[in-house]
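See structure below.
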Amino acid sequence: MELVQLKQLVVIAEEKVLSHGAERLNISQPALSRSIQRLEDELGLPLFDRTKNSMVLNEAGAAIVEEAKKVLSDADALLKKAHALKNEEKHIRIVTCAPAPLWKLSAELGAAFPKIKITSSMPDEDSIISLLLSEKADLAIVRKEIESEAISTLPLTDEQLCMRIPLTDELSKKKSIKFADLAGKEIREYTKTGFWHKVHRDLIPGAVYIEYDDIMVYTNVINSQNPLTFVTELANTHAQNPAGAVTVPITDEEACAHYRLAFLKKNEEALRGIVDFSVKSAMDW
């Protein structure tokens with residue numbers, strides 16, 4: 001019995017459809033089915049009631065799923081502990097092109113590796129590669145592949161840009177919007193958003209921006225005045241709509257950032273525990 005099989009079982013239970021589970025796990029449906037069949041053979045009992053066109057978790061399967069969750073949780077705790085012991089007394093310097101993934105990653109690393117000193121910064125996006133190459137940064141959160149034989153990148157997470165729109169605005173009735181729909185609008189904006197700040201300026205013609213450099217002041221304003229403003233789920237602002245506002249996704253290609261974690265290949269072994277933990281943790285963001 002392998003942990004990956006238990007993870008597969010839990011995912012199928014959550015998705016309720018085998019094909020959806022296979023898609024989430026990024027494996028083929030036949031491969032997933034074979035893996036679950038091997039698990040059932042090892043346990044000595046069926047976990048699903050099968051028909052020609054469906055596979056439904058049975059009573060025994062539901063009980064095993066609950067036990068599998070406990071095992072996976074214990075295994076995850078063990079892995080985090082091992083990583084923490086391996087990486088005691090390290091100093092990790094992180095640079096990022098945007099704040100939200102850094103907020104998430106710093107919190108996760110701080111909790112899992114309390115003895116690691118973490119420092120971070122958000123420099124100009126174009127300088128991130130040079131900071132890695134000159135070893136002034138250990139990890140970098142970037143938006144795209146880096147064309148350098150000295151640097152490795154791994155997929156980290158995505159961030160979807162949305163607008164929080166007051167119900168008094170006609171755009172609140174839309175299921176989705178484009179940047180062009182915001183032309184000429186008055187928008188409240190927190191300015192320390194890395195590359196997003198330039199995206200807003202470049203793609204929304206004629207918008208009138210009221211800017212805030214202080215995150216506390218900005219948060220108080222948008223929560224009390226209910227203005228038009230940018231939000232994302234990754235930054236934990238997506239679900240904080242006050243009464244009288246809705247969140248609407250922006251569907252332009254530039255409104256979705258696909259982040260990657262970058263590091264020097266020569267430091268891969270030294271950073272392995274940190275990198276593996278970071279990528280695994282980001283799957284749950």
Side-chain angles (χ1 to χ4, degrees), residues 4 7 11 23-27 72 76 79-80 82-84 86-87 90-113 116-133 135-162 192-199 230-239 249-250 253-285:
V4 67
K7 173 66 173 178
V11 168
E23 183 177 354
R24 177 172 158 188
L25 292 163
N26 197 30
I27 62 174
L72 291 170
D76 187 54
L79 184 60
K80 288 179 179 179
H83 285 164
K86 181 179 178 180
N87 292 284
K90 280 191 175 182
H91 176 202
I92 299 295
R93 300 160 299 173
I94 307 173
V95 292
T96 185
C97 64
L102 176 64
W103 294 338
K104 289 281 192 180
L105 184 58
S106 295
E108 295 275 2
L109 290 175
F113 306 100
I116 291 182
K117 179 182 177 182
I118 301 172
T119 56
S120 60
S121 62
M122 190 169 57
D124 181 79
E125 189 174 17
D126 294 334
S127 69
I128 287 179
I129 296 177
S130 63
L131 290 172
L132 274 180
L133 291 173
E135 299 193 68
K136 294 179 180 178
D138 303 297
L139 296 174
I141 300 171
V142 298
R143 286 192 290 160
K144 52 193 173 184
E145 288 274 13
I146 296 176
E147 295 182 1
S148 170
E149 294 184 357
I151 296 174
S152 292
T153 67
L154 294 171
L156 188 65
T157 191
D158 296 338
E159 183 175 25
Q160 176 64 52
L161 189 66
C162 303
K192 298 176 182 179
T193 54
F195 76 91
W196 285 121
H197 186 67
K198 186 174 186 302
V199 169
F230 297 103
V231 296
T232 78
E233 188 171 10
L234 189 61
N236 290 328
T237 55
H238 188 292
I250 302 172
E253 181 180 354
E254 297 87 350
C256 186
H258 306 286
Y259 296 118
R260 302 183 69 85
L261 190 64
F263 49 91
L264 289 178
K265 289 181 179 178
K266 70 176 186 178
N267 295 335
E268 183 171 0
E269 187 58 36
L271 293 170
R272 183 178 300 279
I274 298 290
V275 169
D276 289 349
F277 174 83
S278 299
V279 172
K280 183 177 184 298
S281 294
M283 295 173 65
D284 297 323
W285 293 355

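Model, not experiment: these values are computed from the prediction.
- Not one N or O on the side chain of Arg93 forms a donor-acceptor pair closer than 3.5 Å with the backbone of Ser121.
- For Lys136, there are no side chain to side chain donor-acceptor pair (under 3.5 Å) partners at least two apart in sequence or on another chain.
- Among residues two or more places apart in sequence or in another chain, the side chain to side chain donor-acceptor pair (under 3.5 Å) test is passed with Lys192 by none.
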For residues 277-284, tabulate all N or O donor-acceptor pairs below 3.5 Å that involve a side-chain atom, not counting sequence neighbours.
residue: Ser278; atom: OG; partner: Ile274; partner atom: O; Å: 2.7
residue: Lys280; atom: NZ; partner: Asp76; partner atom: OD1; Å: 2.9
residue: Ser281; atom: OG; partner: Phe277; partner atom: O; Å: 2.9

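- Every residue two or more places apart in sequence or in another chain that forms a side-chain contact (heavy atoms from CB on, under 4.5 Å) with Asp126 is listed here: Asp124.
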- Task: Take Ile94 and Leu109, measure what side-chain contact (heavy atoms from CB on, under 4.5 Å) needs, and give me the verdict at the end.
- Result: CA-CA 11 Å; Ile94 307 173; Leu109 290 175; 4.0 Å; yes
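- Contact detail for Leu234 and Lys104: the closest heavy-atom pair is O-CE, 3.1 Å.
- The distance from the CG atom of Leu261 to the OG1 atom of Thr157 is 11.5 Å, given to the nearest 0.5 Å.
- For Glu23, the side-chain contact (heavy atoms from CB on, under 4.5 Å) test picks out no residue, with sequence neighbours left out.
- Listed by chain and number, the residues in a side-chain contact (heavy atoms from CB on, under 4.5 Å) with Ile128 are Val95, Cys97, Pro123, Ala140, Val142 (sequence neighbours excluded).
- Applying the salt bridge (Lys or Arg N to Asp or Glu O under 4.0 Å) test to every pair with at least one member in residues 150-162, sequence neighbours left out, gives no pairs at all.
- Residues Leu264 and Leu133 have side chains in contact (heavy-atom distance under 4.5 Å, counting atoms from C-beta outward).
- The structure places CD1 of Ile141 at 7.0 Å from OG of Ser106, a figure rounded to the nearest 0.5 Å.
- Lys265 meets the salt bridge (Lys or Arg N to Asp or Glu O under 4.0 Å) test with no other residue; sequence neighbours excluded.
- Summarising the geometry of Ala98 relative to Tyr259, their closest heavy-atom pair is CB-OH, 3.3 Å, with the distance given to 0.1 Å.
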- Between Leu271 and Leu139, does a side-chain contact (heavy atoms from CB on, under 4.5 Å) hold up when you go through it step by step? CA-CA 9 Å; Leu271 293 170; Leu139 296 174; 4.1 Å; yes
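- Applying the side chain to side chain donor-acceptor pair (under 3.5 Å) criterion to Trp285, with sequence neighbours excluded, gives Glu108.
- Residues passing the side-chain contact (heavy atoms from CB on, under 4.5 Å) test with Val11 are Lys7, Glu15, Arg24, Leu25, sequence neighbours excluded.
- Residue Gln160 comes nearest to Ala255 through the heavy atom pair NE2-O, 3.5 Å, listed as atom of the first residue, atom of the second, then distance.
- With sequence neighbours left out, the side chain to side chain donor-acceptor pair (under 3.5 Å) criterion links Glu145 to Thr153, Arg260.
- Between Thr96 and Leu105, the closest side-chain pair of non-hydrogen atoms is not below 4.5 Å.
- When the ring pair (Phe, Tyr, Trp, His ring centres under 6.0 Å) test is applied to Phe263, no partner is found at least two apart in sequence or on another chain.
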- Message: Evaluate Lys198 against Glu125 for side-chain contact (heavy atoms from CB on, under 4.5 Å), listing each step before the verdict.
- Response: CA-CA 11 Å; Lys198 186 174 186 302; Glu125 189 174 17; over 6 Å; no
